[in-house]
Amino acid sequence: MTLSRMPEPDRTVLDRSETIIGELVALLGADGVISREEGRRAFEADALTAYRQPPLAVALPRTTEDVSKLLKYCRQAGVKVVPRGAGTSLCGGATPTADSIVIGTSRMNSVLETDFVNRTITVQTGITNLAITDAVSAEGFFYAPDPSSQLACTLGGNLAMNSGGAHCLKYGVTTNNVLGLKMVLMDGEIVEINGPYLDSGGYDFMALVIGSEGQFGIITEATLKIIPRMPFARPVMLGFSSCEAAGQCVAAIIGSGIIPVAIEYMDKPAIAVAEAFAKAGYPLDVEALLIVEVEGFEDEIERLLRAITDIALNFDPQVIEASTSTEHSERIWKGRKAAFGAMGRISDYYCMDGTIPLARLPEVLSRIGEICAEKRLKVANVFHAGDGNLHPLILFNANDPDEAIRAEQAGAEILKLCVAVGGCLTGEHGVGIEKRDLMDIQFSPSDLAVQMRIKSIFDPHWLLNPGKVFPLPAQELSEQSAADRAA
Amino acid sequence: MQTNFSQKQLSNERIAEAEAILRRCVHCGLCTATCPTYVLTGDERDSPRGRIYLIKDMLEDSAPASPEVQHHVDRCLSCLSCMSTCPSGVDYMHLVDFAREYIEQTGTRPWKERAMRRLLSEVVPHPDRFRFALKLAPLGRPWVKLLRRFGFDQAAALIELAPAVLPPSPKYEGPGVAATEDERRARVIMLAGCAQQVLRPGINDSTIRLLARHGVDVIVAAGAGCCGALTYHLGNEAGAIEFAKRNVDAWWKEIEKDGEPVDAIIVNASGCGTTVKDYGHLLRNEPDYADRAARISELARDVSEFIGKYDLGAPRRWSSLRVAYHSACSLQHGQQIKEVPRELLVKAGFSVVNIPEAHICCGSAGTYNIMQPEISSQLRDRKTKNIKRVKPDVVAAGNIGCITQLSTSLDVPIVHTVELLDWAFGGPVPLGLEGLSKFVSDVPEPTKRRVNDFIHA
Ligand SMILES: Cc1cc2nc3c(=O)[nH]c(=O)nc-3n(C[C@H](O)[C@H](O)[C@H](O)COP(=O)(O)OP(=O)(O)OC[C@H]3O[C@@H](n4cnc5c(N)ncnc54)[C@H](O)[C@@H]3O)c2cc1C
Ligand code: SF4
Ligand code: SF4
């Protein structure tokens, strides 16, 4: 791809790499440090493989104290740090630089405390999203935000990206489900932000830290809300002959005041691929499919499904089919959640993430089709329609450099389109490297300056997760002035 | 995922195959979460995605396997949990098979390890040699600690796995045909296997008994033997091909017998089943064998898979035993047979309970428990703990590897699924379950009544 440029590695750090590795081993033991070439390469990318760079070394701490020691050392030695959870980021959020240490949280995956009376759970942030729900499901609870990658992605990554998922329409995204955090700052200081109660004492820093993309500190522990699971949930599949009709139906459902747990959208190419993997019985001859899920007691479910069907009938649906059993519901969701990954069966893909006002959905969808057609590329759409969070998957051949460039160009145009219709650059995957250079489409220079000043307060030397979020020239300026101040 | 091979590299058929597999991986990372070794070590290099990456780099560089790549590929269990998880359909099995072979050809190993690998592949596949070795094993037991101290961990693990007392020899020793006394409804070949018939001969006995009692002729073909899996997973493809050819030859003779079609090739060790089902692929480049091997793979069935499609009628015994069904990886991931054995046990009247974390391997994995004793014992203990949580009376599994592995740590008996089925359908008490037989009673046979019993004159 026409890669966004990454910052030049700091020679003085590279020259000291042996000493640095030696110090890391002294802190964590040889078992906690990966320094050989082949091993480092396994960490060179997250799920956006267009960007690849092996780090100087990888450190795998087990406790908050380990992280504190590591950061303190890196701060003193002037070594940059890239936090990493499971490496499922789709925007290059966890891509290393050659002069940085990756600090991976995969060994920090314990449940520290569950409190069913107050409905909270406290965990280390390397735990996977699904494991949080697994830890409380026997008691009838769950942790609400459910990114499609929930099987593998870590809570730390979710916090850093403020991740969302299909069921966030009703329950909110990550930031709406967190009560307290423990975070290690770049100088090794351990801070606690809020706690197991519903409001904070002073300023609400938590909202600031969630979504900070690993640039403020490393979050090591968190206390989360857990929610009692509703007794029943049931999805209905609504198939339409055009994406416009589906789009209008979504707007009408939301407009009617009903809040389903989820409204998910898949278009024809996506349906075919997801069906091949999950055998969920999706209708294969419709142009657009909505999966609308409602939950509650059985009579409530029935009432809601009736109301939704009534609305859908105004848009001439080809298929209306409610799930027939728990097992069927599971398959319907399995297909939707695996849709990105399953796309790998037919092609490489570039997964976009933008948000738009719902009313503009039909027009945006047809424009996306045109943009990709102009670039001679195919596109599949899978997304959280209920909150207007689009995920066009641009299909391309990664071994064909020209096609890869066209894919990236199409992606940039789609994101510009989202901003132009009054939406924003990212719904839930974050900015990372991928959308970094588009930030000035959305934000004015002074907006960006404020954001960077806040970053400088947490990380005055700009050592945390370098090269992400802000356009590179602006970053370099900020970094320089921070360094000048420090000098 | 992007790959970087030259045209010259791709002209090698094996590399081209590996490339096609690699291209399908989109590096999404979903598979990491269900990989037993990653769950234990939290190290990307011990995850499927990490291993795929290490293998990709090794092949792209056309470099000899480095100790680091070798170490992490060796630690892969080949449990194939990653293949169940991967939405993109990455054929990890054939990739890692090729990588093991490549490592064997290009890498170096310490002499202790080479000796152990040699020993295993020379002894285990041959029942008489294996039986003899197991008789010797108790002599080694007093030395286990000393062996560990001097770094012979693998030898120590081997000795500890050997059962203290060898079970009696099998009732039905092949080759030959166990002809059904019932009206014949099917004719099958059974793979008699290698290590299993020494470690637990009751499994073959039960299979034959259960099938023959229900209208199935069971053939154990002369000349057939080990399926080759063990040799294959030690990276010796040529050796595995020899074993496979021998079986194809032996079975083909039975298949060709005029007018007597073979309905299935029954395998009752799921590790072997996965391999026999892959003969078509293993022998694809052997002109004299490719077609026949493909046909044999089509005919191969796990014993539970065959019985699942076959009507055994009502069970003859009834019990209230709580059976924890342990899904062997080769069955649930390798052959994607997940529910059938459980359903068969339920139909046979057992009360079946599910083991938490059922998708995670017990650490047996062929010779893994000998070659990688450290990870293997962690996985065994984890599995044991999960089994204990559901408080079963007995554990059932479809693979001798798991049975041997878990019998060293469980405090309840573990048997093959088919042994329980045979028992419920009229066979003798499986070895080790004698204490439970008082909880099993015969289903009363309805006495034949006459019209007069109902309609009184
Ligand atoms: C198939 C697929 C489906 C997906 N579906 C969704 C979806 O439905 N919704 C959604 O929101 N996202 C989705 N994603 C994107 C991704 O899974 C999320 O962004 C996820 O939160 C990343 O978590 P991770 O543990 O993999 O983090 P990583 O990728 O390792 O890191 C992501 C970012 O978090 C930072 N980070 C990680 N841990 C910490 C920590 N402890 N403290 C501070 N910073 C940290 C990293 O530096 C990086 O910037 C999907 C990805 C894939 C591959
Ligand atoms: S086969 Fe098993 S151990 Fe090997 S990578 Fe896959 S899941 Fe992990
Ligand atoms: S789940 Fe499949 S596509 Fe995703 S990283 Fe693993 S092997 Fe690759």
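Heavy-atom basis, side chains included; hydrogens, waters and symmetry copies ignored. In what follows, chains carry the letters A, B, and so on, assigned in the order in which the sequence lines appear, proteins first and then strands, with residues in each chain numbered from 1.
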Original post:
What is the distance from atom CG of A:D46 to atom SG of B:C28, rounded to the nearest 0.5 Å?
Top reply: 11.5 Å

Original post:
Quick one: what part of A:E44 sits under 4.5 Å from any heavy atom of chain B, side chain, backbone, both or neither?
Top reply: side chain

Original post:
Around atom CD of B:E13, are there more than 12 heavy atoms of other residues, nucleotides or ligands at under 6.0 Å?
Top reply: no

**OP:** To the nearest 0.5 Å, tell me how far B:E68 CD sits from A:E38 CD.
**Re:** 4.5 Å

Subject >> Choice from A:K334, A:Q150, A:R84 maximising heavy atom contacts with chain B below 4.5 Å >> reply: A:R84

Original post:
Out of A:I34, A:L60, A:T105, which one racks up the most heavy-atom pairs below 4.5 Å with chain B?
Top reply: A:I34

Original post:
Considering all heavy atoms of both residues, which atom of A:A152 and which atom of B:G29 are nearest to each other, and what is their separation?
Top reply: CB-O, 3.4 Å

Original post:
Which pair of non-hydrogen atoms, one from B:Y53 and one from A:R41, has the smallest distance, and what is that distance?
Top reply: CE2-O, 3.3 Å

Subject >> chain A contact via B:L54 - side chain, backbone, both or neither, heavy atoms under 4.5 Å >> reply: side chain

Subject >> A:R107 side chain to B:T41 backbone, donor-acceptor under 3.5 Å >> reply: yes

Subject >> Part of B:S66 within contact of chain A (heavy atom distance under 4.5 Å) >> reply: both

Subject >> Expected output: side-chain A:N399 to main-chain B:Q2 donor-acceptor under 3.5 Å >> reply: no

Original post:
More than 12 heavy atoms of other residues, nucleotides or ligands under 6.0 Å from NZ of B:K347: is that the case?
Top reply: no

Original post:
Got a donor-acceptor contact below 3.5 angstrom from the A:R345 side chain to the B:P87 backbone?
Top reply: yes

Original post:
Does a sphere of radius 6.0 Å around CD in B:E374 hold more than 12 heavy atoms from other residues, nucleotides or ligands, not counting ones at 6.0 Å or beyond?
Top reply: no

Subject >> Which atoms of B:R49 approach chain A - backbone, side chain, both or neither, heavy atom under 4.5 Å >> reply: side chain

Subject >> Part of A:D400 within contact of chain B (heavy atom distance under 4.5 Å) >> reply: neither

Subject >> When A:F277, A:F340, A:F43 are compared by non-hydrogen pairs under 4.5 Å with chain B, the top option >> reply: A:F277

Original post:
Most heavy-atom pairs under 4.5 angstrom with chain B, which of A:G104, A:A45, A:A276?
Top reply: A:A45

Original post:
If you take all heavy atoms of B:M1 and A:A398, which pair is closest and at what distance?
Top reply: C-CB, 4.5 Å

**OP:** Side chain from CB out, backbone as N, CA, C, O: work out which of these in B:E19 comes under 4.5 Å of a heavy atom of chain A, or both, or neither.
**Re:** side chain

Original post:
Does any heavy atom of chain A fall under 4.5 Å from the side chain of B:S47, the backbone, both, or neither of them?
Top reply: neither

**OP:** Determine the option with the most heavy-atom pairs under 4.5 angstrom with chain B, choosing from A:D31, A:D134, A:L130, A:N397.
**Re:** A:N397

Original post:
Atom CZ in B:R23, atom OG in A:S347: separation rounded to 0.5 Å?
Top reply: 8.0 Å

Original post:
Side chain, backbone, both or neither: which part of B:C25 has a heavy atom under 4.5 Å from chain A?
Top reply: neither

**OP:** Please check if the side chain of B:H27 supplies one atom and the backbone of A:L48 the other of a donor-acceptor pair under 3.5 Å.
**Re:** no

Original post:
Is it the backbone or the side chain of B:D61 that comes under 4.5 Å from a heavy atom of chain A, or both, or neither?
Top reply: side chain

**OP:** Using a 4.5 Å cut-off on heavy atoms from C-beta on, say whether the side chain of B:L30 contacts that of A:S149.
**Re:** yes

Subject >> Among B:D43, B:V90, B:T32, residue most engaged with chain A (heavy-atom pairs, under 4.5 Å) >> reply: B:D43

